[in-house]
Amino acid sequence: QVQLVESGGGLVQAGGSLRLSCTASGSIFTIRAMRWYRQAPGKQRELVAVINSDSSTNYADSVKGRFTISRDNAKKSVSMQMNSLKPEDTAVYYCNVEGLTTFARYYNDWGQGTQVTVSS
């Protein structure tokens, strides 16, 4: 089994910064893509950032230039530095990790979510 644990959410004023982290543990053999999603009340879950196995990245237009996703393969973790935060960034943020288990089974798992609230 694979477990994903998130941390780093909180309350911050507009223009401030937060850093989210997500660490995988358990029956992990290979981690491929890692992603951050967010979901605001009453809205669909939105893809925010992706970091691929080759460390290439993709960002939603709304966060380009402000958020930076990174990964640490040794620690089996993904982080996202969020700068110049806006009230529109308020949401529950979820990490998503895909890869292979020790039995070569494909997995795609989600973290528990962490609340980010940005006040104006």
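Note that the numbering runs from 1 along the sequence shown for the chain. Hydrogens, waters and symmetry mates are skipped; everything else that's a heavy atom, side chains included, is used.
The backbone N or O of Ser119 lies less than 3.5 Å from no partner atom in the side chain of Gln13, so there is not a single donor-acceptor pair. Side-chain N or O atoms of Arg71 include none that pairs as donor or acceptor with a backbone N or O of Ala33 at under 3.5 Å. Put simply, the side chain of Thr114 never gets that close to the backbone of Tyr93: no donor and acceptor are under 3.5 Å apart.
Taking the side chain as every heavy atom from C-beta outward, Tyr59 and Met80 never approach each other to under 4.5 Å. For the pair Ile69/Val78, a side-chain contact is recorded, criterion being any heavy-atom separation below 4.5 Å from C-beta on. Side-chain contact check for Leu85 versus Phe67: some heavy-atom pair is nearer than 4.5 Å. With contacts defined as side-chain heavy-atom distances shorter than 4.5 Å, the pair Val97/Val2 does not qualify. Counting only heavy atoms from C-beta outward, the side chains of Met82 and Val48 never approach each other to under 4.5 Å. The closest side-chain heavy-atom distance from Ser17 to Gln81 is below 4.5 Å.
Other residues, nucleotides and ligands place more than 12 heavy atoms under 6.0 Å from the OH atom of Tyr106. Other residues, nucleotides and ligands contribute at most 12 non-hydrogen atoms within 6.0 Å of the CD atom of Gln3.
A search for side-chain hydrogen bond (donor to acceptor under 3.5 Å, both in side chains) contacts involving Asn58 returns nothing, not counting sequence neighbours. The salt bridge (Lys or Arg N to Asp or Glu O under 4.0 Å) search around Lys43 returns none, not counting sequence neighbours. In this view, Arg66 and Asp89 satisfy the salt bridge (Lys or Arg N to Asp or Glu O under 4.0 Å) rule, not counting sequence neighbours. Applying the salt bridge (Lys or Arg N to Asp or Glu O under 4.0 Å) criterion to Glu88, with sequence neighbours excluded, gives no partner residue.
When all heavy atoms are compared, the tightest approach of Ala60 to Glu46 is CB-OE2, 4.4 Å. Contact between Thr23 and Ser77 at its shortest, heavy atoms only, is OG1-CB, 3.7 Å. When all heavy atoms are compared, the tightest approach of Cys22 to Leu4 is SG-CB, 4.0 Å. In plain terms, the two heavy atoms of Val63 and Arg38 that are nearest each other are CG1-NH1, 3.9 Å. The two residues Ser21 and Ser79 come nearest to each other via the heavy atoms OG-OG, 3.3 Å. Across all their heavy atoms, Arg19 and Ser70 have their closest contact at NH2-OG, 3.8 Å.
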Tyr107 and Thr30: CA distance, side-chain angles, deciding distance, side chain to side chain contact (heavy atoms under 4.5 Å, CB included) verdict | CA-CA 10 Å; Tyr107 73 85; Thr30 301; over 6 Å; no
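The salt bridge (Lys or Arg N to Asp or Glu O under 4.0 Å) analysis of residues 54-63, with sequence neighbours excluded, yields the pairs Asp61-Lys64.
Using a 4.5 Å cut-off between side-chain heavy atoms of Ile, Leu, Val, Met, Phe, Trp and Tyr, Trp110 falls into a hydrophobic cluster with Tyr37, Leu47, Val50, Val92, Tyr94.
Side-chain N/O atoms of Thr90 and Thr117 include no donor and acceptor closer than 3.5 Å.
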